[in-house]
Amino acid sequence: MRSTRLIPMAFPLLLFILVVAGSGPAASSSAEAVDFASEIWPVLERSCLDCHGGKDTFSNLVVTSPEALLKGGDLGKVIVPGKPDESPLLTRTELPMDDLDYMPVEGEGLSEEETAALRQWIADGADFGDWTGTE
Ligand code: HEC
């Protein structure tokens, strides 16, 4: 009767595997914090500034200071600290490029690494660190 002895063994083993597998994502989300000034700002400057506080300001969304970014645009907040999926600053860059809401409207879009960094930065609380904005 091997099988009846295996069942009670298999259960803790399965639990163990689940716990080990489950600790994976938790471990990676505590990876090093994303630094706004060196990792996020260069992306916004390259892909968003022209139309949001640079040459033009569409939808009253300005990306050149923490206050303006947290204030958001005509449609409301674009960053909800801790909630990347409710933050249009991120979600609009993650849409398929042919979606009407995709950002940027023109120019270089965000790479997967860049959206991942932006996602983590918002999830971690959208801390601007030393960055006080730019002129
Ligand atoms: C070529 C111009 C252009 C660029 C570049 C651009 N946008 Fe926009 N953006 C617009 C226009 C036009 C609107 C208003 C229409 C709309 O909401 O789609 C807008 C609106 C938005 C809104 C909605 C704001 C609100 O509250 O009404 C968000 C969020 C946004 N853009 C994010 C971004 C981000 C993030 C980037 C850079 C990755 C970016 N945009 C780059 C033109 C641009």
Side-chain angles (χ1 to χ4, degrees):
M1 286 315 240
R2 285 182 67 116
S3 58
T4 50
R5 291 232 308 272
L6 269 174
I7 290 166
M9 293 255 318
F11 188 61
L13 189 69
L14 189 70
L15 262 182
F16 176 71
I17 290 167
L18 283 175
V19 166
V20 169
S23 70
S28 69
S29 75
S30 64
E32 254 181 61
V34 176
D35 177 52
F36 184 89
S38 64
E39 296 179 64
I40 305 296
W41 170 247
V43 174
L44 300 186
E45 182 178 31
R46 179 201 70 208
S47 292
C48 319
L49 178 63
D50 274 1
C51 299
H52 293 292
K55 291 187 201 126
D56 268 311
T57 302
F58 292 108
S59 243
N60 283 314
L61 175 60
V62 173
V63 298
T64 54
S65 73
E67 295 73 28
L69 272 164
L70 290 171
K71 182 166 148 279
D74 287 343
L75 299 174
K77 300 231 179 285
V78 297
I79 297 172
V80 181
K83 298 187 174 166
D85 290 320
E86 293 170 30
S87 303
L89 190 81
L90 166 74
T91 56
R92 291 184 67 155
T93 68
E94 290 181 328
L95 293 168
M97 272 170 120
D98 59 0
D99 192 296
L100 284 177
D101 284 341
Y102 177 77
M103 288 291 153
V105 172
E106 272 171 29
E108 192 178 340
L110 273 61
S111 69
E112 259 178 54
E113 290 75 29
E114 289 166 348
T115 54
L118 183 55
R119 172 166 282 280
Q120 196 198 325
W121 176 74
I122 295 173
D124 287 348
D127 180 358
F128 288 91
D130 293 340
W131 192 77
T132 53
T134 182
E135 269 322 300

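Side chains included, hydrogens not; waters and symmetry mates left out as well; all remaining heavy atoms used. This one's a predicted model, so the numbers in the text were calculated from it and none came from an experiment. Numbers for residues simply follow the sequence, beginning at 1.
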**Report entry** Rounded distance (nearest 0.5 Å) linking atom CZ of Arg92 with atom CG of Leu90
**Finding:** 12.0 Å
Requested in this report: Apply side chain to side chain contact (heavy atoms under 4.5 Å, CB included) to the pair Leu118 and Val43, showing each step before the final yes or no.
Outcome: CA-CA 9 Å; Leu118 183 55; Val43 174; over 6 Å; no
Query - For Asp130, side-chain contact (heavy atoms from CB on, under 4.5 Å) partners two or more places apart - result: none
Query raised in the report: With hydrophobic residues grouped by side-chain heavy-atom distances under 4.5 Å, do Val34 and Val63 end up in a single group?
Result: yes
Query raised in the report: So, the side chain of Asp99 versus the backbone of Asp101: is there a donor-acceptor pair under 3.5 Å, distance only?
Result: yes
Query raised in the report: Quick one: hydrophobic cluster around Leu95, which other residues, with the 4.5 Å side-chain cut-off, linked directly or via members?
Result: Met97, Tyr102
Query raised in the report: Can you list every ring pair (Phe, Tyr, Trp, His ring centres under 6.0 Å) pair that touches residues 69-95, not counting sequence neighbours?
Result: none
Query raised in the report: So Phe36 and Trp121, would you call those rings parallel, tilted or perpendicular, with 30° and 60° as cut-offs?
Result: tilted
Query raised in the report: Does Leu100 sit in a hydrophobic cluster with other residues, and if so which ones, taking ILVMFWY side chains as linked at heavy-atom separations under 4.5 Å, directly or through other members?
Result: none
**Report entry** Pairing residues for Glu67 by the side-chain contact (heavy atoms from CB on, under 4.5 Å) criterion, not counting sequence neighbours
**Finding:** Ser65
Report task. Could you pull out all residues at least two apart from Ser111 that satisfy side-chain contact (heavy atoms from CB on, under 4.5 Å)? Result -> Glu113, Glu114
Report task. Let me see the working for Leu70 and Phe128 under side chain to side chain contact (heavy atoms under 4.5 Å, CB included), right down to the final yes or no. Result -> CA-CA 10 Å; Leu70 290 171; Phe128 288 91; 3.9 Å; yes
Query raised in the report: Atom CG in Leu110, atom CG in Leu44: separation rounded to 0.5 Å?
Result: 7.5 Å
Query raised in the report: Any idea which heavy atoms bring Gly133 and Pro66 closest together, and the distance?
Result: N-CD, 3.9 Å
Query raised in the report: Can you name the salt bridge (Lys or Arg N to Asp or Glu O under 4.0 Å) partners of Asp98, sequence neighbours left out?
Result: none
Query raised in the report: Listed by chain and number, what are the salt bridge (Lys or Arg N to Asp or Glu O under 4.0 Å) partners of Glu108, not counting sequence neighbours?
Result: Arg46
I'd like a table of donor-acceptor pairs (distance under 3.5 Å, sequence neighbours excluded) in which one partner is a side-chain atom from residues 75-85, with atom names and distances.
| from | atom 1 | to | atom 2 | distance (Å) |
| --- | --- | --- | --- | --- |
| Asp85 | OD1 | Arg119 | NH1 | 3.3 |
| Asp85 | OD1 | Arg119 | NH2 | 2.7 |

**Report entry** Nearest-0.5 Å distance, CD of residue Gln120 to OG1 of residue Thr115
**Finding:** 12.0 Å
Query raised in the report: What distance separates Met103 CE from Ser59 OG, expressed to the nearest 0.5 Å?
Result: 7.5 Å
Query raised in the report: Sequence neighbours excluded, which residues qualify as side-chain hydrogen bond (donor to acceptor under 3.5 Å, both in side chains) partners of Asp127?
Result: none
Report summary line: Ala37 meets the side-chain contact (heavy atoms from CB on, under 4.5 Å) criterion, sequence neighbours left out, with Asp35, Trp131
Requested in this report: Check Pro104 against Gly109 and note the closest heavy-atom contact, atom names and distance.
Outcome: CD-CA, 3.6 Å
Requested in this report: Return the set of residues passing side-chain hydrogen bond (donor to acceptor under 3.5 Å, both in side chains) with Asp74 (not counting sequence neighbours), or none when no residue passes.
Outcome: Asn60
**Report entry** From OG1 (Thr91) to CD1 (Ile122), nearest 0.5 Å
**Finding:** 8.5 Å
